Each structure stands twice: as structure tokens, then as C-alpha cells.
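What follows is a short report on a single structure.
So you know, we letter chains A, B, ... as the sequences are listed, proteins then strands, and number each from 1. Bear in mind the structure is a predicted one, so any value in this text is a computation, not a measurement. Just so you know, these numbers use all the heavy atoms, side chains as well, and skip hydrogens, waters and symmetry mates.
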There are 2 protein chains.
Amino acid sequence: MPYAVNAMPRRRSLTPDQLAAAALAVIDRDGLAGLSMRAVAQEIGMSTMALYRYVDDRGELEQLVIELVLSTVDTGPPGTASSWYERIEVMVGRLRGVVGAHPWIVPLIIAHRHQSVAVLRWSETVVAILAEAGLDGRDRVVALRCLLAYVVGAIQLEHLGPLAGPGTQVIADRGEFPQLSETARQAGGVGPGEEFDGGLAMLLRGMANGR
Amino acid sequence: MPYAVNAMPRRRSLTPDQLAAAALAVIDRDGLAGLSMRAVAQEIGMSTMALYRYVDDRGELEQLVIELVLSTVDTGPPGTASSWYERIEVMVGRLRGVVGAHPWIVPLIIAHRHQSVAVLRWSETVVAILAEAGLDGRDRVVALRCLLAYVVGAIQLEHLGPLAGPGTQVIADRGEFPQLSETARQAGGVGPGEEFDGGLAMLLRGMANGR
DNA sequence: AGACGTAAGCGTACAGCATACGCTTACGAT
DNA sequence: ATCGTAAGCGTATGCTGTACGCTTACGTCT
């Protein structure tokens, strides 16, 4: 006679969420490169191999992490009061807010997104709004993927490059790239948030003026 | 008395380009995860440690690789006959063509882009076109970063997810996400090229209708 | 109360990783 | 012919993921 689910010989001392949270803590502290089974085990005070009672391999742990993060994205449709334009901004803003708080996980999202329910829920809501905006068929497909590409790309460019100054600035200021260094000079006054929102606004204007 | 440059006690048997080409071959064959000093050494028939006569560390090898790839991007301004709109399309298309042929290196580009002259050259030309289009100040900064974010994000979404079907399709078709699965169905008929170009077109329309 | 079976958790082992250090060796300059 | 130098290599160290088998806690059944 098989055991009941809650009558295991020894109860697990961890929930998958706790495990994922520990992994996320490691990532936030030491970056994606710092994520190792050993580091996570130490974080929760267990032996390395104990983790394998919870996940089959490192990949499954990564999946747990992105699901933990993405599940905190509010995927409910924003109030219908505002325009579709603003509602997309809200949806994208929510995603950026959550993911931008843990930028190291973006590569994990790209790798595991097809297994993520959270991404699907978010996409579902966004697609619905796009439909309301009058986009359908090809254009809607394109718009959705385009939004995702932008979010994913922008977050990485913002957070995952090494400090912007020493590299670009020095070379740019050598007078070899006049237009660029002029632009770079003005970039100083533009905060990351404004930059992101500005780009998103361009994108949305383009979607609105669909051909 | 120091030696002349070409009179070294033992001539290097490799050019940096050959080294980078070997690393790129490994990446193209086995992915970024397959890139290791050992693998590259084997590829060129040298010992692992011999590589360190050419680069300080793995990071420098990566930089060599992206510079090898990106240096093949034609950064010359496209013919002035066409509109700025079309010229940006050409510039973005060139970048996508080259990088899309080696999609695994995108994370390397993100990490090392600030040290890449090729990226600067490309940006310089793009900025010049944007200026002609009437964009300046804040808008030009935003537009450039936005284009880069899109390219980088789109290439990763296209190439770096695991096969699209089994994951998304199966879940989507469970009727839980009606809008999404409807959209996904139509996505089948849209090729990657069309999708990329479609998104870019939206972006450019938005830039044109600057507020 | 005591015995049993199961799964939790751990220790060890192994292959592969980047790379520090020091040795050998080829070879241009003298 | 000799010498100095840098090319190239071998070994060692401390990381990584994880396969395998042991110990141990504990719910269930007698």
C-alpha cells in the first residue's frame, strides 16, 4: 500500500520556493556566475547533494528561480479607464519592474521562457490589449514578440554591460566618432528609466500607426 | 638592446584572428557553453596553456571573438539615395545578418560591447542617420539604445530559446490562454525574418512620428 | 512498544573548468 | 657556436556539476 502524500517517512524541510529564494539570493549577491549548487546549499545550510532531492539538475533550479520571480508580476488587466497605449505601458512596466530588480536572471528567462506559465499569463493579457487596439493576425504576433525583445534587450543593455564610462566614453572622446561622442555627452542627462520609457513610447507610437 | 618587433626569438605560430576563428568555430559547433580554453586549444592543436601566450584570460579571448565577428559588419553609410528610414533598416539588417549567423555570441556582445570598436563604428553611422532624420538630444540617445536593445533582444529570442513548439504550443493549446493560442496559431505563418522586420518597422514608424 | 521501509540528507569521487607557476625548447641575434 | 628570449607545455590547485551509495529520521504497521 503506497503512502499518502503527507505521510512520507521524513518530511522535506524545504519548500521549492525556499530553495528558489536561496538561489535568487545568491544570484542577487554574486551574479549569475556566482550561482552554483554548492553556493545555494551553503545559503540554506544543507549539503550540496541534498539539493538534488528537490531538483533533478541545475537547470531545474534555474527554472524554479525564474518562476519565483516572474510569478510576482501582476498579470491582471490594468483598469479599462486608460487607453490601450497606457495599458501596454503598465504591463511592460510591471515586467520591467520585477525583472529589472534581478537583472542577472534575464539570460535564464530567455532560456527557460517556454516553460514559464508566468510569461504566458503576461503575454495573454498583453495580446488581449493589443487586440483591443485593433491589431490582429500578423501584426499582433509581431507586436508581442517585439515588446518582449525590447524589454529583454533593454534590461540587459542597462544592467549587464560593465560600467559604461571607461570603455565607451574614453574611445568616443578621442574625436574619432564625433556624432557618437556628442550623443554620448547628452546621454549623461538621461536616466535609465526615461531611456526605457522613451524607447517604449517610440515602439508604441509605431504600433498605433499600423500600416 | 631590445629586439625589433619581427625578430623575436621564436615567431608566434598563430595570429590573434586565427585564435579567434578557432574559438568561434567551437562556439558555432557546441554553443557558448562548449567554449573552453581546452576546447579551443584542441581545435588549433596546441596545449591549453599555450593560449595564454596570446590572451591574458578567457575574457580577452571572448573579446577577440566578438571583434572578429563584428568587424565583418559593413559600417559604411548606405547610399544616400534612399530615405533615412530605409538606411536605418539597412544598418540594422547588416548587424542582424552578421550576428544572427553566430547567435551564441550575443551574450558576449552585451558583456564586451563597450570595448568593441566595431560597435562604435556602427553606432556612429546610425547616429549620423538619426541626426539627418531630425532626431537630436534626448531622442537620438533613446533611439540608438532602443535599436540596439531590439536587435539584441530579438536575436536572442529567435535563436536562444529551446525549440518553440513543445513548450509554448502545448500549454497554449490547453485552452487556458485563448488569445495567446489564437495568436500563436497565426505565428506559424510568420517567418523569423518577417517578424524581425515587422518589429523594426514599428520601431522606425514610432521614431518618425516623434512627439 | 517495537520493527520495518522509505525517502531525506550527506560524503566521497570523478571529470571538466580556468589558470598560476615553472620547465623545456626553438630560434633570431650576436 | 653561443646566448637570451619568448613560445609552448606539464603539472597542480581550487573551482564546477553530479553519479553513487551510505546513514539516519520518522511515519506506518504490527
Enumerate donor-acceptor pairs with a distance under 3.5 Å from any side-chain N or O in residues 16-26 of chain A to protein atoms, sequence neighbours excluded.
unit_1: A:Gln18; atom_1: OE1; unit_2: A:Thr15; atom_2: N; d: 2.8
unit_1: A:Gln18; atom_1: OE1; unit_2: A:Thr15; atom_2: OG1; d: 3.4

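- Rounded to an integer number of Å, the gap from A:Leu51 CG to C:dG11 P is 13 Å.
- Figure legend: A:Arg121 and B:Phe177 shown without cation-pi pairing, the cationic atom not lying both under 6.0 angstrom from the six-membered ring centre and within 45 degrees of its axis.
- Under 4.0 angstrom from either OP1 or OP2 of C:dG9 there lies at least one side-chain N or O belonging to A:Ser13.
- Atom CZ of A:Arg12 is separated from atom P of D:dG27 by 15 Å (rounded to the nearest Å).
- With sequence neighbours left out, B:Glu67 forms a side chain to side chain donor-acceptor pair (under 3.5 Å) with B:Ser116.
- Closest non-hydrogen pair, B:Gly76 versus B:Arg94, comes out as O-NH1, 2.6 Å.
- In this structure, the OH atom of A:Tyr52 is 14 Å from the C1' atom of C:dC10, given to the nearest Å.
- Remark: B:Met46, B:Ser47 in residues 26-47 of chain B come within less than 4.0 Å of DNA chain D through at least one heavy atom.
- Put simply, the side chain of B:Arg12 gets close to the backbone of B:Arg53: a donor and an acceptor are under 3.5 Å apart.
- B:Ile155 and B:Gly100 make their closest contact through CD1-N, 4.2 Å (heavy atoms, listed as atom of the first residue, atom of the second, distance).
- Of the side-chain N and O atoms in B:Arg10, none sit less than 4.0 angstrom from OP1 or OP2 of D:dT5.
- With sequence neighbours excluded, the residues that form a side chain to side chain donor-acceptor pair (under 3.5 Å) with B:Arg138 are A:Glu194.
- Protein atom CE of A:Met49 is 12 Å distant from nucleotide atom P of D:dG21, rounded to whole Å.
- Scanning for side chain to side chain donor-acceptor pair (under 3.5 Å) contacts around A:Arg29 gives A:Glu43, with sequence neighbours left out.
- DNA chain D lies under 4.0 Å from at least one heavy atom of each of the following residues of residues 53-66 of chain A: A:Asp57, A:Arg58.
- Summarising the geometry, the separation between CZ on B:Arg11 and C1' on C:dA29 is reported as 12 Å, rounded to the nearest angstrom.
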